[in-house]
Asker: 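Below is the structure I would like to discuss, written out as structure tokens.
In listed order, ligands and their atoms are each counted from 1.
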Amino acid sequence: MELLPETFQRLRGQVAVVTGASRGIGRAVALALAIEGAKVAVNYASSSAAADAVVAEIVAAGGEAMALAADVSKTDQVDLLTSKVMEKWGRIDILVNNAGITRDTLLLRMKLEDWQAVIDLNLTGVFLCAKAVSKIMLKQRRGRIINIASVAGQMGNPGQANYSAAKAGVIGFTKTVAKELSSRGITVNAVAPGFITTDMTKDVKSDEILKYIPLGRYGEPEEVAGMVKFLAADAAAAYITGQVFNVDGGMVMA
Ligand code: NAP
């Protein structure tokens, strides 16, 4: 990666927290925000070497980043995460709620643990991070919260009752919080990816799925990151809040 020349960096001086940034979409988002000059907190759950590699890539290009372990489905760990960022950089301008898991199986086989684990991270984690960071953003009177939802939350997907319920929840949450925070200079939007090439989808790719993607291919993490970067940039997306943006090759057309 290469940082943009300083005069072109749209996020220079801003601080971003990206949850689940050790790989996949989160990694691509962390790099994309760093290229624009943001200081990036690279959160992860257990892949410390991968998170360190993301940080090393940003630092080698002349940017600033730090890796922070935290299970964002846990209140105390989220509070620790935000306080470490505040200690080091003193502000948080951008929160990207990206961390997510799947525990796919059909409803009749789905155990309560499968349901709960996905709801705890993919929905409650978004609530916990948004709540902790919005306290800081309210004092700053500015901020950008970007939640990674999914087409599964819009159109459903067999085997993903837990996941699609969580992602539909994220979309409702995004709209409500956008209304609550709008008068304080904080925007809240969601990005709904389709099938993106990451560890999460490596076992589910098939020719059958491609039939449902008008553009006829899977997406790349960088293509989702491009939308996140647009929503994070000050001037470009200042008048956009409470919206869901699909990056899905045309799977969902409203
Ligand atoms: P991924 O490659 O599996 O990466 C998941 C990331 O989440 C990793 O960095 C992982 O950290 C982190 N994570 C897992 N549990 C965590 C926890 N409890 N606390 C903090 N971080 C945790 O997934 P992805 O495909 O990039 O997906 C990223 C987001 O996009 C998810 O919200 C997913 O639902 C959404 N999405 C993905 C697709 C797709 O096709 N890939 C489509 C629609 C939506 P460790 O490495 O430490 O485990």
Side-chain angles (χ1 to χ4, degrees), residues 17-32 40-55 67-82 95-104 116-130 132 146-157 159-160 162-171 173-174 190-206 209-210 212-213 217-225 227-228 244-249 251-252:
V17 175
V18 184
T19 69
S22 55
R23 52 200 162 90
I25 294 170
R27 173 181 178 277
V29 167
L31 297 179
V40 184
V42 174
N43 161 253
Y44 65 98
S46 58
S47 306
S48 64
D52 287 345
V54 176
V55 170
L68 289 172
D71 175 348
V72 297
S73 67
K74 304 272 185 336
T75 314
D76 52 338
Q77 296 194 33
V78 169
D79 290 343
L80 208 58
L81 170 72
T82 52
L95 167 66
V96 184
N97 278 312
N98 166 80
I101 53 166
T102 51
R103 292 280 185 278
D104 295 355
Q116 203 60 56
V118 170
I119 298 294
D120 284 353
L121 178 60
N122 297 15
L123 182 56
T124 308
V126 172
F127 157 72
L128 292 174
C129 291
I146 299 150
N147 300 321
I148 306 299
S150 168
V151 292
Q154 299 168 304
M155 60 195 284
N157 194 25
Q160 293 200 310
N162 48 5
Y163 185 82
S164 54
K167 294 299 188 180
V170 166
I171 291 172
F173 177 82
T174 298
V191 175
F195 279 91
I196 309 298
T197 304
T198 69
D199 290 351
M200 184 177 275
T201 51
K202 67 180 188 300
D203 299 327
V204 297
K205 283 179 164 180
S206 73
I209 289 173
L210 284 179
Y212 297 97
I213 308 174
R217 64 169 177 87
Y218 297 100
E220 295 302 322
E222 292 70 24
E223 294 177 302
V224 180
M227 177 56 81
V228 174
V244 184
F245 294 90
N246 281 66
V247 181
D248 62 2
M251 285 181 82
V252 174

Asker: Say whether, by atom type as modelled, one donor and one acceptor occur between the side chain of Asn43 and the main chain of Leu68 under 3.5 angstrom.
Answerer: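 Yes, Asn43 side chain to Leu68 backbone: donor-acceptor pair under 3.5 Å.
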Asker: Sub-3.5 Å donor-acceptor pair from the side chain of Asn162 to the main-chain atoms of Asp104, do we have one?
Answerer: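 Here the side-chain-to-backbone pair does not exist.
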Asker: For the pair Asn97 (side chain) and Cys129 (backbone), establish whether a donor and an acceptor sit closer than 3.5 Å, ignoring hydrogens and angles.
Answerer: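 No; judged by distance alone, with no hydrogens or angles, the pair does not exist.
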Asker: Below 3.5 Å, can you tabulate the donor-acceptor pairs from side chains in residues 192-204 to any protein atom, sequence neighbours excluded?
Answerer:
from: Thr197; atom 1: OG1; to: Lys205; atom 2: NZ; distance (Å): 3.3
from: Thr197; atom 1: OG1; to: Gly219; atom 2: O; distance (Å): 3.4
from: Thr198; atom 1: OG1; to: Met200; atom 2: N; distance (Å): 3.1
from: Asp199; atom 1: OD2; to: Arg23; atom 2: NH1; distance (Å): 3.3
from: Thr201; atom 1: OG1; to: Ile196; atom 2: O; distance (Å): 2.6
from: Thr201; atom 1: OG1; to: Thr198; atom 2: N; distance (Å): 3.3
from: Thr201; atom 1: OG1; to: Thr198; atom 2: O; distance (Å): 3.3

Asker: Is there side-chain contact between Ser73 and Thr124, with at least one heavy-atom pair below 4.5 Å?
Answerer: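 No, every pair of side-chain atoms sits at 4.5 Å or beyond.
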Asker: For the backbone of Ile148 and the side chain of Lys167, can you confirm whether one donor and one acceptor N or O come within less than 3.5 Å of each other?
Answerer: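 The answer is yes, because a donor-acceptor pair under 3.5 Å joins these two groups.
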Asker: List, for ligand 1, each N/O atom that has a protein N/O partner under 3.5 Å away, with both atom names and the distance.
Answerer:
from: ligand 1; atom 1: 3 (O); to: Arg23; atom 2: NH1; distance (Å): 3.0
from: ligand 1; atom 1: 9 (O); to: Gly20; atom 2: O; distance (Å): 3.1
from: ligand 1; atom 1: 9 (O); to: Ser22; atom 2: N; distance (Å): 3.4
from: ligand 1; atom 1: 9 (O); to: Ser22; atom 2: OG; distance (Å): 2.7
from: ligand 1; atom 1: 11 (O); to: Ser22; atom 2: OG; distance (Å): 3.4
from: ligand 1; atom 1: 18 (N); to: Asp71; atom 2: OD1; distance (Å): 2.9
from: ligand 1; atom 1: 19 (N); to: Ala70; atom 2: O; distance (Å): 3.3
from: ligand 1; atom 1: 19 (N); to: Val72; atom 2: N; distance (Å): 3.1
from: ligand 1; atom 1: 25 (O); to: Thr198; atom 2: OG1; distance (Å): 2.5
from: ligand 1; atom 1: 26 (O); to: Ile25; atom 2: N; distance (Å): 2.8
from: ligand 1; atom 1: 32 (O); to: Asn98; atom 2: O; distance (Å): 2.7
from: ligand 1; atom 1: 32 (O); to: Lys167; atom 2: NZ; distance (Å): 2.9
from: ligand 1; atom 1: 34 (O); to: Tyr163; atom 2: OH; distance (Å): 2.5
from: ligand 1; atom 1: 34 (O); to: Lys167; atom 2: NZ; distance (Å): 3.0
from: ligand 1; atom 1: 36 (N); to: Tyr163; atom 2: OH; distance (Å): 3.4
from: ligand 1; atom 1: 40 (O); to: Gly194; atom 2: O; distance (Å): 3.2
from: ligand 1; atom 1: 40 (O); to: Ile196; atom 2: N; distance (Å): 2.7
from: ligand 1; atom 1: 40 (O); to: Ile196; atom 2: O; distance (Å): 3.3
from: ligand 1; atom 1: 41 (N); to: Ile196; atom 2: O; distance (Å): 3.4
from: ligand 1; atom 1: 41 (N); to: Thr198; atom 2: OG1; distance (Å): 3.1
from: ligand 1; atom 1: 46 (O); to: Ser22; atom 2: OG; distance (Å): 2.7
from: ligand 1; atom 1: 46 (O); to: Arg23; atom 2: NE; distance (Å): 2.7
from: ligand 1; atom 1: 46 (O); to: Arg23; atom 2: NH2; distance (Å): 3.3
from: ligand 1; atom 1: 46 (O); to: Ser47; atom 2: OG; distance (Å): 2.5
from: ligand 1; atom 1: 47 (O); to: Ala45; atom 2: N; distance (Å): 2.9
from: ligand 1; atom 1: 47 (O); to: Ser46; atom 2: N; distance (Å): 2.6
from: ligand 1; atom 1: 47 (O); to: Ser47; atom 2: N; distance (Å): 2.7
from: ligand 1; atom 1: 47 (O); to: Ser47; atom 2: OG; distance (Å): 3.3
from: ligand 1; atom 1: 48 (O); to: Arg23; atom 2: NH2; distance (Å): 3.0

